[in-house]
Amino acid sequence: MLKIEQKVPIYRRVKQELNSDEVDEKNNFQKFQAPRGTDNISVEDSKFMRYIRKIFFKLAEERGFEEVFIPAFEDVELFKRSVGEGTDIVEKEMFLLEERKEGQEKKFALRPEATAGICRKYIESGWVNLPQPVKVFFFGEVFRAERPQAGRFRQFYQLDLETLGSKSPVSDVEIIKFAWDFLEKLGLKNLRLEINSIGCPKCRPKYIENLRAHFESYEKSLSEESKARMKKNILRILDSKDEKDIRVANLAPRSTDFLCPECKEHFDSVKNSLKNSNINFEINHKLVRGLDYYTKTTFEIMPYDDFEGPKSSLAGGGRYDNLLEMIGGRSTSAVGMAMGVERIMAELKSQGIEPKFAKKRVYVAFIGKEAESESVKLSATLQSAGFKVLKPSASLGISAQFKEANKLGVEWVVMLGEHEIETNTLILKELKTGVQSVILREKVIEELVSKFQVEDDE
RNA sequence: GUGGUCGUAGCUUAAUUGGCAGAGCAUCGGAUUGUGACUCCGGAGGUUGAGGGUUCAAGCCCCUUCGAUCACCCCA
């Protein structure tokens, strides 16, 4: 065994050996930190991520959605156009990239969400020619140059579901029901669904007009921020956190009272289908979207606490009948939703829900050369029977092998030695209880299957 | 972008008025080459986030910066 003498940390040794004047310490010895708001998933969290993704993929595929891959960055104009005026998202909250080529200036932005990229792909790849509607899902990281706070990061994961090319309220309900069922399948309790309809370009102007008249008549009672919102983005006053604003907003006219016949029928149909699906919902008249391309249905799902009321939302979505046209496609109706994966993870933890994976893991221990080659055969047999087989990571003594099995959290250990080979048996030990038994080699699969009360992992 | 609080080993943290950076857990090795956890013994692990200043002396005081956290702005 090599013994390494390293009493002095490497950076100090180098520093001592070199003349410190010759060393640019900053460049050679800098300790790195993760960029702000990016390192939000620990190794322990990875099993939550895998659990969430597994259930999402399974449900999406069951319900006829196809996975879609999109670039991590797109032309900044794509996002600009979809975001619209009256918000400082582009200037303040997107990561901008520049391509440096002589005489050219092309700007890109890291994707701040998935919808715009998916719509671009729909147009560019000619998905209009596929059977409509096109149903897709997405799971990946998105980027926002915000100051991090609770549940808000600069790089985080979103899962996303879109149905493109359908005007029907059936699609709205399909998306909402997916979001609801997905969160329930994860094991979350106390969920609350809120819906609203914000109309379309035909009926919304009349609503905005009435809303403006209302807020103008109460202007003195509004906060300073909301006075500014009157000009910039009046709908946002409705979800202000300021108590003065809340009082005025509660008296404000409701978008659902101004819906045109088409939008009203659509909203009624959504409500009826939800009732028929036995999904409870509340109508939240203040649930609006700040961006122009949203039409008709909006919804959010959040955990609800009997004492504290609704918590911040886990899922949000709605209909966007105007987006595809705004970014250069044919007029195409669409509806979708997105969830922040870290927020779901945080809620799972706060509700005490642990990710469940079937643990069909077996550690194969052996003593002696002969047993080693037998254990290779045995491992293969176990693997082909669907068990996850773990073997000693190095040539370890039997004591160390058990130690390792324990460290890995394996429940069952199979052990082979000279005695066992002679008698064609093996020892099967449950680590939790310490109980072990000698069984015939042929019976091992049968025995383990019964121990695990097999539950399908995939 | 604005404001508050915070940063000591992988994790949780101690350090009196500015006076030798210490522990628990985890890790590694040994007691233990046919049995892990429990136990006992031992080792390793720290430029106190980074840079500068004040001081005989800085984890502690001051400035800058990076990061974390909370609220605001914003929320696709």
Q: Specify the separation, in whole Å, of atom CG of A/N406 and atom P of B/G36.
A: 10 Å
Q: Are A/R111 and A/E141 close enough for a salt bridge, meaning some N to O gap below 4.0 Å?
A: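 Yes, this pair counts.
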Q: Using the C1' atoms only, state how far B/A21 lies from B/U64, rounded to an integer number of Å.
A: 25 Å
Q: Is a donor on one side and an acceptor on the other found under 3.5 Å between the side chain of A/E162 and the backbone of A/L164?
A: no
Q: Between A/E300 and A/R289, does any side-chain N to carboxylate O distance fall below 4.0 Å?
A: yes
Q: For A/E430 and for A/G397, locate the closest nucleotide of RNA chain B by heavy-atom distance; then report the residue assigned to the nucleotide nearer the 5' terminus.
A: A/G397
Q: Say we look at B/C11 and B/U48: how far apart would their P atoms be, to the nearest angstrom?
A: 16 Å
Q: Return the orientation label for the A/F178 and A/F65 ring planes: parallel under 30°, perpendicular over 60°, tilted otherwise.
A: perpendicular
Q: Name the stems with RNA chain B in them: runs of three or more consecutive Watson-Crick or G-U pairs, distances under 3.5 Å?
A: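 The stems that RNA chain B takes part in, listed by first number, are B:1-7 with B:66-72, B:10-13 with B:22-25, B:27-31 with B:39-43, B:49-53 with B:61-65.
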Q: Could you state the atom-to-atom distance from CZ of A/R36 to C1' of B/C70 in whole Å?
A: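 Distance check: A/R36 CZ to B/C70 C1' gives 13 Å.
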Q: List the atom pairs, donor and acceptor, that lie under 3.5 Å between side-chain atoms in residues 330-338 of chain A and the rest of the protein, sequence neighbours left out.
A:
unit_1, atom_1, unit_2, atom_2, d
A/T332, OG1, A/R330, O, 2.9
A/S333, OG, A/D321, OD1, 3.4

Q: Under 3.5 Å between N/O atoms: give me all the protein pairs with nucleotides 27-31 of chain B, atom names plus distance.
A:
unit_1, atom_1, unit_2, atom_2, d
B/C28, OP1, A/K407, NZ, 3.0

Q: Between the side-chain atoms of A/E420 and the base atoms of B/G34, is any donor-acceptor pair under 3.5 Å?
A: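 Under the 3.5 Å cut-off, the side chain and the base do form a donor-acceptor pair.
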Q: Counting only side-chain heavy atoms from C-beta out, which of B/A76, B/C75, B/C66 sits nearest to A/P112?
A: B/A76
Q: Using the P atom as the reference point in each nucleotide, state the distance between B/A14 and B/G49 in Å, no decimals.
A: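 14 Å, rounded to whole Å.
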Q: A/S240 side chain to A/I237 main-chain N or O, any donor-acceptor pair under 3.5 Å?
A: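 Here the side-chain-to-backbone pair does not exist.
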Q: Between B/G36 atom P and A/L431 atom CG, what is the distance in whole Å?
A: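 Taking CG of A/L431 and P of B/G36, I get 11 Å after rounding.
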Q: Assess whether side-chain hydrogen bond (donor to acceptor under 3.5 Å, both in side chains) is satisfied between A/Q401 and A/Y363, documenting all intermediate values.
A: CA-CA 9 Å; A/Q401 291 183 50; A/Y363 188 97; 4.7 Å; no
Q: When you check the phosphate oxygens OP1 and OP2 of B/C75, does a side-chain N or O of A/R289 lie under 4.0 Å from one of them?
A: no
Q: By a strict heavy-atom criterion of less than 4.0 Å, which residues belonging to residues 331-345 of chain A are in contact with RNA chain B?
A: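 The answer is none.
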Q: Output the single nucleotide from B/G34, B/C74, B/G36 whose closest atom is nearest the side chain of A/S399.
A: B/G36
Q: With rounding to whole Å, what would you report as the distance between B/U65 and B/G22 at their P atoms?
A: 33 Å
Q: If the P atom of B/G7 is compared with that of B/C75, how far apart are they to the nearest Å?
A: 34 Å
Q: Listed by chain and number, what are the side chain to side chain contact (heavy atoms under 4.5 Å, CB included) partners of A/A150, not counting sequence neighbours?
A: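 Not a single residue meets the side chain to side chain contact (heavy atoms under 4.5 Å, CB included) criterion with A/A150.
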Q: Ignoring hydrogens and geometry, is there a side-chain-to-backbone donor-acceptor pair from A/Y218 to A/A249 under 3.5 Å?
A: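 It does not hold such a pair.
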Q: Should the side chain of A/Q436 and the base of B/U35 be counted as holding a donor-acceptor pair, with the cut-off at 3.5 Å?
A: yes
Q: Sequence neighbours left out, cut at 3.5 Å: what donor-acceptor pairs do the side chains of residues 405-422 of chain A make with other protein atoms?
A:
unit_1, atom_1, unit_2, atom_2, d
A/E420, OE1, A/G417, N, 2.8

Q: For A/F138, is there any backbone N or O sitting under 3.5 Å from a side-chain donor or acceptor partner on A/D160?
A: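 Looks like no, no N/O pair under 3.5 Å.
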Q: Rounded to whole angstrom, note down the P distance from B/A23 over to B/U17.
A: 23 Å
Q: Just call it for A/G434: base, sugar-phosphate, or nothing, with non-hydrogen atoms closer than 4.0 Å on any strand.
A: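 Touches a base.
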Q: Tell me, please, which residues at least two apart from A/P71 pass side chain to side chain contact (heavy atoms under 4.5 Å, CB included).
A: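 Scan of A/P71 (side chain to side chain contact (heavy atoms under 4.5 Å, CB included), adjacent residues dropped) gives A/E74, A/R120.
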Q: Would you mind checking if A/K135 and A/E174 are paired as a salt bridge, meaning a charged N to carboxylate O distance below 4.0 Å?
A: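 Result for this pair is yes, salt bridge flagged.
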Q: Can you identify which nucleotide, out of B/U35, B/A76, B/A37, has its nearest atom closest to the A/Y293 side chain?
A: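 Looking only at side-chain atoms, A/Y293 lies closest to B/A76.
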Q: Check each of A/M345, A/R343, A/M49 against A/Y157 using the side-chain contact (heavy atoms from CB on, under 4.5 Å) test, and report the only one that passes.
A: A/M49
Q: Can you give me every donor-acceptor pair (side chain of residues 434-443 of chain A, partner residue at least two apart or in another chain, under 3.5 Å) with its distance?
A:
unit_1, atom_1, unit_2, atom_2, d
A/R441, NH1, A/E374, OE1, 3.0
A/E442, OE2, A/N424, ND2, 2.7

Q: Within residues 242-250 of chain A, find the residues that approach RNA chain B with a heavy atom at under 4.0 Å, and present them sorted by residue number.
A: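 Contacts with RNA chain B under 4.0 Å: none.
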Q: Which part of the nucleic acid, if any, lies within contact of A/I398, taking any heavy atom under 4.0 Å across all strands shown: a base, the sugar-phosphate backbone alone, or nothing?
A: sugar-phosphate
Q: Over all strands shown, is A/E224 touching base, sugar-phosphate only, or nothing at heavy-atom distances under 4.0 angstrom?
A: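 No contact at all - A/E224 keeps every heavy atom at 4.0 Å or more from the nucleic acid.
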Q: List in numerical order all residues of residues 194-205 of chain A for which some heavy atom is under 4.0 Å away from an atom belonging to RNA chain B.
A: none
Q: Taking B/U13 as the reference, what is the distance to B/C6 when you measure between their P atoms (whole Å, please)?
A: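 Roughly 15 Å separates the two P atoms.
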Q: Is the backbone of A/M94 close enough, under 3.5 Å, to the side chain of A/R144 for a donor and an acceptor to pair up by distance?
A: no
Q: Counting N and O atoms only, with roles assigned by atom type, does the side chain of A/S373 sit under 3.5 Å from a partner on the main chain of A/E370, one being a donor and the other an acceptor?
A: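 Indeed, once roles are kept as given, a pair shorter than 3.5 Å links the two residues.
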Q: With a 4.0 Å cut-off on N to O distance, would you call A/E224 and A/K227 a salt bridge?
A: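 Answer for the salt bridge query: yes.
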Q: Can you tell me the distance, in whole Å, between the CG atom of A/D39 and the P atom of B/G7?
A: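 The distance from CG of A/D39 to P of B/G7 comes to 20 Å, rounded to the nearest Å.
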Q: Closer to the 5' end of RNA chain B via nearest nucleotide, is it A/Q33 or A/G417?
A: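 Per heavy-atom nearest nucleotide, the more 5' residue is A/G417.
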Q: Could you pull out all donor-acceptor pairs under 3.5 Å where a side-chain atom in residues 190-202 of chain A meets a protein atom, sequence neighbours excluded?
A:
unit_1, atom_1, unit_2, atom_2, d
A/R192, NE, A/E194, OE2, 2.8
A/R192, NH2, A/E194, OE2, 3.4
A/E194, OE1, A/N284, ND2, 2.7
A/N196, ND2, A/N284, O, 3.4
A/N196, ND2, A/H285, O, 3.4
A/N196, ND2, A/L287, O, 3.0
A/K202, NZ, A/E262, OE1, 3.3

Q: Using distance alone, with no hydrogens and no angle criterion, decide if A/E404 and A/S393 have a side-chain donor and acceptor under 3.5 Å apart.
A: yes
Q: Quote, to the nearest angstrom, the C1' distance that separates B/A58 from B/A15.
A: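 Looking at atom C1' only, B/A58 and B/A15 are 13 Å apart.
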Q: Please classify the nucleic acid contact of A/A400 as base, sugar-phosphate, or nothing, using heavy-atom distances under 4.0 Å.
A: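 A/A400: no heavy atom of the nucleic acid under 4.0 Å.
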Q: Could you please name the option among B/G34, B/A76, B/U35 that lies closest to any side-chain atom of A/E418?
A: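 Per side-chain heavy atoms of A/E418, the pick is B/G34.
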Q: Any residue in residues 138-156 of chain A with a heavy atom nearer than 4.0 angstrom to RNA chain B? Just list them by number, or reply none.
A: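 RNA chain B contact set from residues 138-156 of chain A: A/R144, A/E146, A/R147, A/Q149, A/A150, A/R152.
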Q: Would you say A/K121's side chain and A/F69's backbone share a donor-acceptor pair under 3.5 angstrom?
A: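 Between the backbone of A/F69 and the side chain of A/K121 there is a qualifying donor-acceptor contact (under 3.5 Å).
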